[in-house]
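Read the structure below first, then the notes.
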Amino acid sequence: MTTPDKTAVVQVLRDISLLLQMKGENPFRSRAYDTAADRIAGLSEDLGALVREGRLQELPGIGQAIADKVSELLTTGKLAYYDTLRAEFPPGVLELVQVPDLGPKKALVLARQLGVDGVDALEKACREGRVRQLSGFGEKSEAKILAGVELYRRTRTPRRLLGEVMPVAERLLESIKTAPGVIRASVGGSLRRRAETVGDVDLIASAPDANAVFDAFSRAPEVAQVIGRGESKCSVRLREKDLQVDLRVLPDEDFATALHHFTGSKAHHVRLRGLAHERGLKISEWGIHRDDGTKLHVPDEVAFYRLLGMQYIPPELREDTGEIEAALEGRLPEDLVTMEDIQGAVHAHSTWSDGKNSLEEMARAAQALGLKFLTVTEHSQAAIYAGGLKEDDLRRQWDEIDRVNDTVKGVRLLKGIEVDILESGALDYSDGVLEKLEVVIGSIHVRHGMDEEQMTRRLLQAFDNPHLHILGHPTGRLIQNREPYPVRMEAVLDKAAERGVVVEVNGKPERLDLKTEHVRMALQRGVKLVVSCDAHRASDLANLAFAVATARRGWARRGDILNTLPAEQFITTLRKQRAA
DNA sequence: GCCGTTTTCGGCCCGACTGTTTTCAGTCG
């Protein structure tokens, strides 16, 4: 029997929450399981260790009962309570809940009264007109369910990569800003928090007449279909990527509170509302009100947090992972790294290995973005599939880098390498070559199948080479595509801290590696980071923004990120780190 | 089910939208 992992535990807790709702249980009891699932999903520590040490109950929202259940699930691989609960309900009912607009109550009616045991049976029942005959359902719900089934099938992996959605959302936002009467507009939701994947796009705008904005929005060329439209909200589906976009339009005096409301996260809001309550205030998307009904003036989000007696919390931090306590005590970092702090981009490939643009094209692209340097880090010889360079190729490449540096002004290409960390933990070049390079990133590209002990030893071994400056994409994951290779991250970061190895926050949208939780783990140990673009073409330099966002979500400050330094200082700091 | 410098009991975040209903329940965020 395989031990359930964190994802499986989270799923069981969510299922219990749904089953309790079907049962008509106290809704707060059901919500408690949901809250616990959120808390565990956002954990940066190892769940297994937490359970073994009996520290699960220290997490807010997890008490004796849920801690016991999680423990049972992790140690025995089963949970009797869950199995008993599930047996009370028809099979397949939990699958039905996955269909949009079908919640636990309706799903249960369909399963009980029509014997529907899954999405296929549900579709059949709709087509045969049996759903509309049920009390509480009609022709419209039947059609809506059919549409939901279609959507469910089309988007089994419903969340999309941050880097995939961001450009589309920004384009739409620009068009909304020019719609009639629009005063302010912003993206909201998980996109604004820069979560690694997003389910849909939230846009918030202020204007005197919502209808005029909705009209313009509905006619945008990107829009395939208007799904719904009310007084303050309009939902559409885009042609591109089947993406749903919700646009809210409100009077400008409500903009800040609405923006805050629709930025989330849910967990962050629940906590804030509790705090507001203690202060005799009530928070909703329509503003902050005193208990006597007086509405408070909230011009922007800074004022919003000030009214609650706390520091401003940037969107990337709003996950209820300690930011609220920190903001109340005034110890939230005010110098979180920003794009403006970044002097140069780390980790770029060119046509010398598997990149699509020449060195000069990459340099000009970096120059156009106002960057002062770009580290050229091609693949090394072992990476044959990616056109890895032999040691002799490097010398010829350096000549070209020198030429480009003479030609393209204002930006400097640094001589680097993304050297393979071989199975043994050795690096793929001789020390004689490595010591001549300005930037050495070491990455794992092959043999992902090693077990946790082997993989950890492989990385720790690589850290013993004094010429390695930076550990590249430390877990090798590809979001929604490839699991991270198993590695004891605590051990890796401990040694990185001890030996002065810098760790990459890779901004490629499918990587985002380190991920948020690991960034925090690294910073707690005093590990220095770089934010990188892992560019394989000129346009990939934009990935830098996603690396910065991930670093911010992990609470990284300017001083934690080495490529906030000017080129020369960046190079000397990388060396000094290793010498220390 | 969780939680507590007012509480170990009695609270727990709030509102929009939709469809089915003549006043509300379910779903979503």
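In the text below, chain A, chain B and the rest are named by the order of the sequence lines, each starting its count at 1.
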side-chain hydrogen bond (donor to acceptor under 3.5 Å, both in side chains) pairs, two or more places apart, involving residues 260-270 of chain A: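 For residues 260-270 of chain A: A:R192-A:T263, A:H260-A:Y305, A:H261-A:R273, A:H268-A:Y305, A:H268-A:E323.
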Atom [atom1] of [X] to atom [atom2] of [N]: distance rounded to whole Å?
{"X": "A:L108", "N": "B:dT27", "atom1": "CG", "atom2": "C1'", "result": "15 Å"}
{"X": "A:Y82", "N": "B:dG1", "atom1": "OH", "atom2": "C1'", "result": "18 Å"}
{"X": "A:L151", "N": "B:dC28", "atom1": "CG", "atom2": "C1'", "result": "14 Å"}

With sequence neighbours left out, write down each residue that passes ring-ring contact (aromatic ring centres under 6.0 Å, His included) with A:F217, or none if nothing qualifies.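 Result, ring-ring contact (aromatic ring centres under 6.0 Å, His included) vs A:F217: none returned.
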Which residues pass the ring-ring contact (aromatic ring centres under 6.0 Å, His included) test with A:H518, not counting sequence neighbours?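 Result, ring-ring contact (aromatic ring centres under 6.0 Å, His included) vs A:H518: none returned.
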According to side chain to side chain donor-acceptor pair (under 3.5 Å), who are the partners of A:R219, at least two apart in sequence or on a separate chain?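 Partners of A:R219 by the side chain to side chain donor-acceptor pair (under 3.5 Å) criterion come out as none, since no residue qualifies.
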Could you pull out all residues at least two apart from A:E325 that satisfy side chain to side chain donor-acceptor pair (under 3.5 Å)?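 Here the qualifying residues are A:R271.
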Check side chain to side chain contact (heavy atoms under 4.5 Å, CB included) between [X] and all other residues, then give those that pass, not counting sequence neighbours.
{"X": "A:D120", "result": "A:R153"}
{"X": "A:E316", "result": "A:R194, A:P314, A:R552, A:R553"}
{"X": "A:E128", "result": "A:K124, A:R130"}
{"X": "A:L43", "result": "A:K6, A:L47, A:L50, A:L59"}

By a strict heavy-atom criterion of less than 4.0 Å, which residues belonging to residues 109-131 of chain A are in contact with DNA chain B?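 Under 4.0 Å from DNA chain B: no residue of residues 109-131 of chain A.
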At a heavy-atom distance below 4.0 Å, what parts of residues 294-323 of chain A sit against DNA chain B?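 Close to the strand, none.
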Watson-Crick or G-U counterpart of B:dA16, or none if no pair lies under 3.5 Å: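 Across any shown strand, B:dA16 pairs with B:dT27.
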Letter per nucleotide, 5' to 3', of nucleotides 10-20 of chain B [B base touched, S only sugar-phosphate touched, - untouched; heavy atoms, 4.0 Å]: --BBSSSSSSS
